[in-house]
Amino acid sequence: MMVIINHWGNEMTLNELKFVVAVAQERSFRRAAEKCFVTQPALSLGIKKLEEELEVIIFERSRSEVTPTEIGAQLIEQANIVL
């Protein structure tokens with residue numbers, strides 16, 4: 001498993017970055033999980049773990065949509081570069 005150290009000193013795995021990018025592209029945790037070939041709870045847990053480690057909210061969640069926060073958009077941009 002490849003681990004990336006971000007500028008906050010936290011570790012992020014490539015899978016976590018893939019999850020973030022997939023959610024951003026799909027605007028849906030369910031569709032992103034399908035795209036990543038994982039269960040929706042596993043994907044949600046990975047995103048939540050990353051948010052807790054970074055102490056930021058990456059996505060605003062509502063019943064009808066998922067949108068990146070300002071810091072989330074920056075993280076998504078960097079994740080796309082890394083991937």
Side-chain angles (χ1 to χ4, degrees):
M1 168 173 40
M2 182 165 195
V3 175
I4 300 153
I5 308 294
N6 62 33
H7 70 276
W8 293 287
N10 301 89
E11 295 180 359
M12 292 183 279
T13 66
L14 285 178
N15 277 341
E16 289 170 336
L17 294 181
K18 288 176 185 176
F19 291 172
V20 167
V21 169
V23 172
Q25 290 173 341
E26 299 297 325
R27 301 283 196 213
S28 161
F29 278 76
R30 182 188 54 79
R31 288 191 308 270
E34 290 172 0
K35 184 175 186 175
C36 293
F37 303 104
V38 297
T39 64
Q40 187 271 324
L43 182 129
S44 294
L45 187 63
I47 298 281
K48 185 71 174 163
K49 177 180 160 272
L50 185 57
E51 288 178 328
E52 288 172 358
E53 288 175 357
L54 299 177
E55 298 179 352
V56 298
I57 302 297
I58 300 170
F59 295 104
E60 293 292 336
R61 301 149 171 94
S62 74
R63 289 188 70 65
S64 60
E65 69 179 1
V66 177
T67 55
T69 61
E70 187 175 327
I71 192 80
Q74 294 173 19
L75 179 66
I76 293 159
E77 184 178 322
Q78 291 301 309
N80 277 312
I81 292 169
V82 170
L83 296 173

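Separating the CG atom in L50 from the CZ atom in F19 is a distance of 10.5 Å, to the nearest 0.5 Å.
Transitive grouping of hydrophobic side chains (ILVMFWY, heavy atoms separated by less than 4.5 Å) brings I47 and I71 into a common cluster.
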Please list every donor-acceptor pair under 3.5 Å in which a side-chain atom of residues 34-42 meets a protein atom from a residue at least two apart or in another chain.
residue : atom : partner : partner atom : Å
E34     : OE2  : R30     : NH1          : 3.1
K35     : NZ   : Q25     : OE1          : 2.4
T39     : OG1  : A42     : N            : 3.2
Q40     : NE2  : S44     : OG           : 2.6

For residues 73-83, dump all side-chain donor-acceptor pairs below 3.5 Å to protein atoms at least two apart in sequence or in another chain.
residue : atom : partner : partner atom : Å
N80     : ND2  : I76     : O            : 3.2

Show me, pair by pair, the donor-acceptor contacts under 3.5 angstrom made by side chains of residues 56-68, not counting sequence neighbours?
residue : atom : partner : partner atom : Å
R61     : NH1  : E51     : OE1          : 3.4
R61     : NH1  : E51     : OE2          : 3.3
R61     : NH1  : F59     : O            : 2.9
R61     : NH2  : E51     : OE1          : 3.0
R61     : NH2  : E51     : OE2          : 3.3
S62     : OG   : S64     : N            : 3.4
S62     : OG   : E65     : N            : 3.1
S62     : OG   : E65     : O            : 3.1

